[in-house]
Each structure stands twice: as structure tokens, then as C-alpha cells.
2 protein chains.
Amino acid sequence: MFSQSCKYAIRAMFLVAQRSSEGRFVGIKEVAEGLDAPQHFIAKILQDLSKRGFITSAKGPKGGFLIDVNQRNTTLYDLVLAIDGNKLITSCCLGLKDCSEKNPCPVHNDFKPIRKKIHSMLDNTKVCDYNDELAQSVFYLKDAGIGPITN
Amino acid sequence: MFSQSCKYAIRAMFLVAQRSSEGRFVGIKEVAEGLDAPQHFIAKILQDLSKRGFITSAKGPKGGFLIDVNQRNTTLYDLVLAIDGNKLITSCCLGLKDCSEKNPCPVHNDFKPIRKKIHSMLDNTKVCDYNDELAQSVFYLKDAGIGPITN
DNA sequence: AAAATAGAAGATATAAAGGTCTTTTATTAT
DNA sequence: ATAATAAAAGACCTTTATATCTTCTATTTT
Ligand code: FES
Ligand code: FES
């Protein structure tokens with residue numbers, strides 16, 4: 001569905017949105033650990049998001065990443081569009097070069113409403129929408145560790 | 001959404017289902033041309049589908065591929081499952097190792113019904129369901145050629 | 001000013017997906 | 001039988017995605 005970079009980007013944005021909501025910068029190491037993801041790969045992705053203006057960065061001690069007031073309006077679709085492009089929403093599911101009513105593949109009519117739903121869902125979700133749920137562990141951004149063996 | 005192999009496989013199955021419905025074998029070259037896809041790549045995919053029993057093959061002159069009466073019940077989900085696995089339907093959209101109610105990511109609840117819809121759609125579509133529409137060019141399996149320039 | 005911290009940048013490595021090519025084997029028609 | 005046909009098989013190549021590593025630069029604290 002999404003590329004690995006895009007999945008990490010979305011999770012990282014959720015995490016930074018939540019942890020930076022009080023104004024502090026969140027270090028890259030903290031992000032990587034919070035997602036259980038490779039640090040350098042996350043760094044690259046966050047730097048890209050920073051260039052695109054979705055996130056604010058600061059170097060040096062006390063530096064890191066932060067999502068400011070304006071950036072809180074970023075939607076998941078903004079992120080997906082920037083990283084993976086619009087192909088998920090606009091390209092033919094079966095790979096025809098042109099997805100349209102003029103040249104529909106056999107599944108075109110079936111997938112159209114599904115893609116619309118995906119699109120509206122992504123478009124209606126902002127990166128700060130789950131700050132509370134994340135704080136309260138209603139939702140997670142990494143897999144729960146291997147718990148006690150439950151025999 | 002689907003891997004390139006999977007997209008080709010679905011389109012190839014639709015094409016062979018339609019063109020072999022009168023009992024003749026459809027050559028690999030004809031399939032590749034009918035899909036506007038690389039012949040050797042299609043060959044590899046069809047051979048794999050043949051091994052898995054989704055399609056019947058015959059060597060030599062008048063040989064090719066055919067979908068027999070039993071194979072007409074193959075659904076798109078059968079194909080997707082064989083080629084791409086079940087990750088589209090069962091894995092976390094944001095890449096968590098375990099997608100479940102116990103450890104849900106922030107989009108889990110939103111994506112759950114969407115994935116269910118995709119699954120049921122694929123499960124309810126058989127490879128021979130569009131034989132007529134394909135014959136009548138209601139649906140297409142390759143892009144229409146560059147038509148006359150319409151100034 | 002010096003040292004420590006932490007992101008920026010880009011080269012490099014690895015793996016997976018996508019695609020091509022050649023040789024072999026089986027079948028049919030002559 | 002022989003020649004022609006067409007799939008089977010597998011080696012090989014290319015591209016893209018994913019991940020890692022090293023060096024550089026900016027900032028803060030002491
Ligand atoms: S033409 Fe295939 S999804 Fe629209
Ligand atoms: S946990 Fe992410 S989709 Fe289920």
C-alpha cells in the first residue's frame with residue numbers, strides 16, 4: 001500500500017507531533033527508538049520532510065525535530081503525496097497506463113469507491129489527531145516487545 | 001497495491017479466460033501482445049500460475065495456455081494470495097509487525113473496513129466474470145493506442 | 001574558546017523486484 | 001523421421017527500494 005519510507009514518515013510524524021506538542025525538540029535517536037526503526041533511515045526521511053516544510057528541525061544540543069502550530073494541519077495525504085506520489089489514488093490497479101472511464105480495466109468500477117474512501121480517510125487525518133491516544137497507549141507506533149511467555 | 005507480477009497475472013488470467021473459453025489454447029505471444037507487456041516476463045508468470053494449477057498449458061504447435069472448467073472458479077484473491085501473499089489484507093498499513101486489536105496503530109480502525117472491502121471484492125471476482133465485457137470492449141486489458149490527434 | 005551534541009549531506013552497500021536472454025524439452029504437422 | 005512450433009527452465013542483467021556508514025556543519029553548554 002505505502003512504501004517503507006512512507007510508513008516510517010507517517011509514524012515519525014505522529015510521534016514527533018505528540019512528543020513535541022509541549023514545545024521541546026525530539027531527537028532523532030528518540031524517534032528511531034520510539035518507532036523501533038533504523039536511525040539513519042529515519043534521519044534521511046525526516047530531513048526530507050524538513051526540506052518540504054512538514055517538520056521543523058534544529059541542530060546542536062537540545063536540537064531535534066518539532067511540529068509547530070502551522071505544521072499540525074499536515075494530513076496523512078500530504079505526506080503520502082509527497083513521498084509516494086498520487087499513484088495509489090489515481091493509477092490503474094492493474095497497471096494500465098491510463099486509468100479512466102474511457103479505457104477502464106475490469107476492476108476499475110469496483111476499485112473506484114475504495115480508492116475514494118482511502119483518499120478521504122487520509123485527507124481527513126491530521127498528524128496531531130492522535131496525540132492523546134498515543135500518550136495513553138490506546139494506539140501504538142511500534143510493536144509491543146516480546147512480553148512474558150504466557151503459558 | 002499489487003506487485004507488477006500480480007497485475008500482469010490478473011490481466012493475463014482475464015485474457016486467457018476470455019480467449020480460451022471456446023477451447024483453444026492461447027499462445028504466450030498473443031497474451032503478451034494482448035496485454036502490451038514483456039513476453040518473457042509474462043511467460044515466467046504464466047509458468048508459475050501453471051505450476052500452481054490456476055492455468056493449463058500445452059507445448060508444441062497449437063499449444064499455449066487455457067483455463068479449463070474447474071479453473072474458471074479461480075478468484076482474484078486466489079491469484080493475489082499466491083503471488084503477493086496476504087500482507088495487503090492482514091499486515092499493518094504503517095508497518096507494525098503485528099496488526100491486531102491488541103497493538104493497533106493510529107490508522108488501524110480506519111483501514112480495517114477498507115481492507116475488508118478490498119478482500120471481499122477480490123474474493124467475489126472470478127477470472128471469467130468479464131469474458132463478455134472484454135469481448136465487447138466494455139473493459140480493456142491494455143491501454144488504447146495513441147488515437148488520432150483530436151484538434 | 002573548547003568540547004560535546006545533534007542534525008545535514010552524501011557516498012556506499014544490500015536486497016528485492018522487474019525484466020531479458022539462451023538453452024532445453026515436448027508436441028504437432030509434414 | 002524430420003522440421004517447425006511453442007512452452008519450460010534457469011541464468012543473467014538492470015533498476016529501484018531499503019538501509020548503513022562516514023564526514024561535515026551548526027548549536028549549545030561549560
Ligand atoms: S483502469 Fe484500472 S483501476 Fe481504473
Ligand atoms: S495495526 Fe496498523 S493497520 Fe492494524
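Chain A is the first sequence line, chain B the second, and so forth, proteins listed ahead of strands; every chain is numbered from 1.
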| message | Can you tell me how the ring of A:Y77 sits relative to the ring of A:H119, calling it parallel under 30°, perpendicular over 60° and tilted otherwise? | response |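 Plane angle between 30° and 60°, so tilted.
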| query | In this structure, are over 12 heavy atoms from other groups packed under 6.0 Å from B:K142 atom NZ? | reply | yes
Calculate the interatomic distance between [X] atom [atom1] and [N] atom [atom2]; express it in whole Å.
| X | N | atom1 | atom2 | answer |
| --- | --- | --- | --- | --- |
| A:L46 | C:dA6 | CG | P | 15 Å |
| A:K29 | C:dT5 | NZ | P | 9 Å |
| A:K87 | D:dT16 | NZ | P | 13 Å |
| B:I45 | D:dA8 | CD1 | C1' | 15 Å |
| A:I28 | C:dA9 | CD1 | C1' | 12 Å |
| B:I42 | D:dA6 | CD1 | P | 18 Å |
| B:Q4 | D:dA17 | CD | P | 13 Å |
| A:I55 | C:dG7 | CD1 | P | 11 Å |

| message | Just to verify, what does B:S57 make a side chain to side chain contact (heavy atoms under 4.5 Å, CB included) with, not counting sequence neighbours? | response | B:S50, B:F65
| A:N73 and A:K126: side-chain contact (heavy atoms from CB on, under 4.5 Å), yes or no, with the steps? | CA-CA 6 Å; A:N73 289 316; A:K126 292 187 174 140; 3.7 Å; yes
| Counting side-chain heavy atoms from CB outward, which of D:dT18, C:dT20, C:dG7 is closest to A:F65? |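 From the listed options, C:dG7 comes nearest.
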| request: Check whether any side-chain heavy atom of B:K29 sits under 4.5 Å from a side-chain heavy atom of B:Q39, and report yes or no. | output: yes
| query | Hey, does B:V107 have a side-chain heavy atom less than 4.5 Å from the side chain of B:L94? | reply | yes
| task | Before accepting this row, confirm whether a basic side-chain N of the pair A:R52/A:D48 lies closer than 4.0 Å to the acidic partner's carboxylate O. | result | yes
| request: With side-chain contact (heavy atoms from CB on, under 4.5 Å) as the test, would you mind laying out the steps for A:I118 and B:I114 before giving the verdict? | output: CA-CA 7 Å; A:I118 294 173; B:I114 290 173; 3.7 Å; yes
| query | Could you walk me through whether B:F2 and B:I83 pass the side-chain contact (heavy atoms from CB on, under 4.5 Å) check? | reply | CA-CA 9 Å; B:F2 307 122; B:I83 295 169; over 6 Å; no
Anything under 3.5 Å between a protein N or O and an N or O of nucleotides 10-13 of chain C, put it in a table, one pair a line.
{"from": "C:dA11", "atom 1": "N6", "to": "A:K44", "atom 2": "NZ", "distance (Å)": "3.2"}

What N/O pairs connect the protein and nucleotides 26-30 of chain C at under 3.5 Å? Give each pair on its own line.
{"from": "C:dA26", "atom 1": "O4'", "to": "B:K59", "atom 2": "NZ", "distance (Å)": "3.3"}

| request: Select from A:Q39 and B:S50 the residue whose nearest nucleotide in DNA chain D is closer to the 5' end of that strand. | output: B:S50
